[in-house]
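Here the structure comes first, spelled out in structure tokens, and everything after it is commentary.
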Amino acid sequence: MRAVAVDISNEWFVTGAADRCIKVWDLASGELKITLTGHISTVRGLAVSPKHTYLFSCAEDKMVKVF
């Protein structure tokens, strides 16, 4: 795992790793909710917007994605 971010509501968190995937997890149960793809290289950073339900990711592919 290379990056972690927690939703401001503390209901879910996200992880990013060298497998190029972003995984959304339920914070209470630890259950995987969804796996997001789109990067072609290691995910290095994640951020959750405190005002809107946006997830930002960046990776070694020099791309920033908005989910």
Side-chain angles (χ1 to χ4, degrees):
M1 183 176 359
R2 302 280 182 172
V4 177
V6 179
D7 173 46
I8 194 162
S9 68
N10 288 324
E11 293 179 19
W12 52 273
F13 69 99
V14 291
T15 60
D19 64 359
R20 304 177 313 249
C21 293
I22 297 165
K23 296 184 179 189
V24 181
W25 305 85
D26 182 81
L27 191 61
S29 69
E31 181 180 327
L32 178 63
K33 295 173 98 175
I34 191 168
T35 299
L36 305 170
T37 60
H39 285 291
I40 58 172
S41 192
T42 301
V43 177
R44 289 292 188 172
L46 296 166
V48 179
S49 172
K51 294 185 179 185
H52 306 286
T53 310
Y54 291 122
L55 167 63
F56 301 91
S57 66
C58 62
E60 289 179 0
D61 57 11
K62 300 180 182 176
M63 297 293 292
V64 174
K65 304 275 185 184
V66 180
F67 298 93

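Under a 3.5 Å cut-off, the side chain of Asp26 and the backbone N or O of Glu31 do not form any donor-acceptor pair.
Nearest heavy-atom pair across Val64 and Cys58 is CG2-CB, 4.2 Å. Taking every heavy atom of both residues into account, Ala59 and Ser41 meet most closely at CB-O, 3.8 Å. For Leu46 against Ala3, the heavy-atom pair with the smallest separation is CD1-O, 3.6 Å.
Residues Trp25 and Leu55 fall into different hydrophobic clusters, defined by Ile, Leu, Val, Met, Phe, Trp and Tyr side chains chained together at heavy-atom separations under 4.5 Å. Cluster annotation: Val4 and Phe56 are assigned to distinct hydrophobic clusters (Ile/Leu/Val/Met/Phe/Trp/Tyr, side-chain heavy-atom contacts under 4.5 Å, transitive). The same ILVMFWY cluster, assembled from side-chain heavy atoms under 4.5 Å apart, contains both Leu27 and Leu32. Residues Phe67 and Val24 share a single hydrophobic cluster, defined by chaining ILVMFWY side chains whose heavy atoms lie under 4.5 Å apart. Placement of Ile34 and Ile22 within a single hydrophobic cluster is found when ILVMFWY residues are connected by side-chain heavy-atom separations under 4.5 Å, directly or transitively.
In this structure, Met1 CE and Asp19 CG are separated by 11.0 Å, a value rounded to the nearest 0.5 Å. With rounding to the nearest 0.5 Å, the separation of CZ in Arg2 from CZ in Arg44 is 4.5 Å. With rounding to the nearest 0.5 Å, the separation of CZ in Phe13 from NZ in Lys33 is 10.5 Å.
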